[in-house]
J.: 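The structure that follows is given in the form of C-alpha cells.
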Amino acid sequence: FAHVGFLGGVVTANVAREFEIPFFITEHDFWDIESCATNAHRKRHYTAAIKGISGWIAVANRMHKSMKDIFPEAPVVTIHNGAEIIPNALKANPRPNSLMDRQVVLCTSFFYKRKNVPLLIRAFDSVAEQHPNARLLVIGDGGGDDKTAVLAALGTAIHRSQIVWLGALSHNEVLQYMVWCDVFANIGINEPFATVFS
C-alpha cells in the first residue's frame, strides 16, 4: 500500500505500477486540479500520474466534483481531514502572565496570499485602540508567497505592541495557544478543507 502526495506522484505511481502495489494520491489544492481544465500540459501530467491509481482522494466535495468533471474515469473518493482531540494536559495549563486578562485573537497560518494575513493584521490594527487589552497572536514561519506583505503589515501597524508574531511553533505549542485564545481568526478566501479549523 503506497500513499503519496502529488509532488513526485508520477515517479511513485510508476514504481507502484511496476510492482503492482495499490497506490493512492491525496489532493489538497483546488487550483492544481481546476487548472487542468485550461492547462493541457498540467492535465497530461495528472493523467500520467493517476493512470491505474487505486484511489484519488479529495479533501472536499468541491474538489471531488472538479476531479470527476475533468477526469471522469478516475476513481475519486472524498475523505475529509480530521484532527486529534486536544490533550487535557494542555487545557489545564494556565495562560502565561503576558496573556492574563487579555482578549487573545489567534491566527495560525502559512503566509499565502489566499490566507489574507495582512488584511487580518490591518483589520485588528484599525480597532486595537478601542480594545487596549486585546492581543493578536500570529503563528507561522513566514513561508509562502505573501511573506513580504505580512511583514510589511506588521512593520507599519500603528498598534504594533498589541500584535505578536510568534514564528514557527511545534504542534503542541500551537494547540496550547489555541486553548488560550478567545477568538480564532483565519480569513482565508479559498480553503480545500480548512484543516486549521479542525
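Fair warning: this is a prediction, and the values are worked out from it, not measured in the lab. Residues take their numbers from the sequence shown, with the count starting at 1.
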J.: Should Leu106 and Val183 count as side-chain neighbours, where that means a heavy-atom distance under 4.5 Å?
T.: no
J.: Run the side-chain contact (heavy atoms from CB on, under 4.5 Å) check on Lys115 and Val150 step by step: do they pass?
T.: CA-CA 10 Å; Lys115 297 290 189 176; Val150 173; over 6 Å; no
J.: Which pair of non-hydrogen atoms, one from Ser54 and one from Pro22, has the smallest distance, and what is that distance?
T.: OG-CA, 3.2 Å
J.: Identify whether Leu136 and Met178 are in the same connected component of the hydrophobic contact network (ILVMFWY, side-chain heavy atoms under 4.5 Å).
T.: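 Not linked; separate clusters.
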J.: Contact between Glu27 and Ile25 at the side-chain level, heavy atoms closer than 4.5 Å - yes or no?
T.: yes
J.: Work out which heavy atom in Ala153 is nearest to a heavy atom in Ile121; give both atom names and the distance.
T.: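 In this case the closest contact between Ala153 and Ile121 is O-CG2, 3.8 Å.
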J.: Mind listing the closest non-hydrogen atom pair of Gly167 and Ile139 along with its distance?
T.: O-CG2, 3.5 Å
J.: So Val138 and Phe111, side-chain contact (heavy atoms from CB on, under 4.5 Å) or not? Walk me through it.
T.: CA-CA 10 Å; Val138 179; Phe111 294 165; 4.0 Å; yes
J.: CG/Asp125 to NE2/His159 distance, rounded to the nearest 0.5 angstrom?
T.: 6.0 Å
J.: Donor-acceptor pair, distance only, cut-off 3.5 Å: does the side chain of His64 make one with the backbone of Ala58?
T.: no
J.: Between Arg135 (side chain) and Val104 (backbone), is there a donor-acceptor pair under 3.5 Å?
T.: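 Such a contact is absent between Arg135 side chain and Val104 backbone.
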J.: Shortest non-hydrogen contact from Met63 to Asp29?
T.: CE-N, 3.4 Å
J.: Are any side-chain N or O atoms of Lys68 and backbone N or O atoms of Ala74, one a donor and one an acceptor, separated by less than 3.5 Å?
T.: yes
J.: Listed by chain and number, what are the side chain to side chain contact (heavy atoms under 4.5 Å, CB included) partners of Thr148, not counting sequence neighbours?
T.: none
J.: Is it true that, when you exclude Ile158 itself, more than 12 heavy atoms of the residues, nucleotides or ligands shown sit nearer than 6.0 Å to its CD1?
T.: no
J.: Taking the side chain as C-beta and beyond, is there a heavy-atom pair between Phe71 and Lys43 under 4.5 Å?
T.: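 In contact.
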J.: Report the distance from atom CG of Asn116 to atom CD1 of Ile189, rounding to the nearest 0.5 Å.
T.: 5.5 Å
J.: Flag the pair Val59 / Ile79 as yes when at least one side-chain heavy-atom distance between them is below 4.5 Å, and no otherwise.
T.: no
J.: Measure across Cys36 and Arg42 and return the closest heavy-atom pair with its distance rounded to 0.1 Å.
T.: SG-CG, 3.6 Å
J.: Given side-chain contact (heavy atoms from CB on, under 4.5 Å), test Asp182 with Arg102 step by step and report yes or no.
T.: CA-CA 9 Å; Asp182 298 296; Arg102 303 291 186 197; over 6 Å; no
J.: Looking only at heavy atoms, which two atoms of Val117 and Phe110 are closest? And how far apart?
T.: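 Val117 and Phe110 have their closest heavy atoms at CG2-O, 4.3 Å.
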J.: Taking everything shown except Asn133 itself, do over 12 heavy atoms lie less than 6.0 Å from its CG?
T.: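 It does: Asn133 CG has more than 12 such atoms within range.
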J.: Parallel, tilted or perpendicular for Tyr46 and Trp56, by the 30°/60° rule?
T.: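 It falls in the tilted class, 30° to 60°.
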J.: Shared ILVMFWY cluster between Phe30 and Ile70, side chains joined below 4.5 angstrom?
T.: yes
J.: Do the side chains of Leu137 and Ile187 join up, straight or via other hydrophobic residues, at under 4.5 Å, putting them in one cluster?
T.: no
J.: Is the shortest side-chain heavy-atom distance between Thr78 and Ile57 below 4.5 Å?
T.: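 Of all side-chain heavy-atom pairs linking Ile57 with Thr78, none is under 4.5 Å.
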J.: How about Glu173: does its CD atom have over 12 heavy atoms from other parts shown lying under 6.0 Å from it?
T.: yes
J.: Side-chain heavy atoms under 4.5 angstrom apart, residues restricted to Ile, Leu, Val, Met, Phe, Trp, Tyr: same cluster for Leu175 and Leu166?
T.: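 Yes, one cluster joins them.
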J.: If I take atom CG from residue Asp141 and atom CH2 from residue Trp165, how far apart are they, to the nearest 0.5 angstrom?
T.: 8.0 Å
J.: Could you grab the distance from atom CD1 of Ile53 to atom CZ of Phe23, nearest 0.5 Å is fine?
T.: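 Nearest 0.5 Å value for the CD1-CZ distance: 5.0 Å.
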J.: CD of Glu73: more than 12 outside heavy atoms within 6.0 angstrom?
T.: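 At most 12 heavy atoms, drawn from other residues, nucleotides or ligands, come within 6.0 Å of this atom.
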J.: Does Trp180 use its side chain to pair, donor to acceptor, with the backbone of Asn93 at less than 3.5 Å?
T.: yes
J.: Please check: side-chain N/O of Gln162 versus main-chain N/O of Phe124, any donor-acceptor pairing under 3.5 Å?
T.: no
J.: Can you tell if the side chain of Arg160 reaches within under 4.5 Å of the side chain of Ile163, non-hydrogen atoms only?
T.: yes
J.: Please lay out, stage by stage, how Val179 and Ile86 fare under the test side-chain contact (heavy atoms from CB on, under 4.5 Å).
T.: CA-CA 8 Å; Val179 169; Ile86 294 177; 3.7 Å; yes
J.: Should the heavy atoms of other residues, nucleotides or ligands under 6.0 Å from NZ of Lys113 be counted, would the total exceed 12?
T.: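 Counting other residues, nucleotides and ligands, NZ of Lys113 stays at 12 neighbours or fewer.
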J.: Under the salt bridge (Lys or Arg N to Asp or Glu O under 4.0 Å) test, which residues partner Asp69, sequence neighbours left out?
T.: Lys65
J.: Mind checking whether Tyr112 and Leu119 sit in one hydrophobic cluster, side chains of I, L, V, M, F, W, Y counted as touching below 4.5 Å?
T.: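 Looking at the clustering, Leu119 is in a separate group from Tyr112.
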J.: With a 4.5 Å cut-off on side-chain heavy atoms, are Thr108 and Phe184 touching?
T.: yes
J.: Taking the side chain as every heavy atom from C-beta outward, state whether Arg114 and Trp31 have any atom pair closer than 4.5 Å.
T.: no
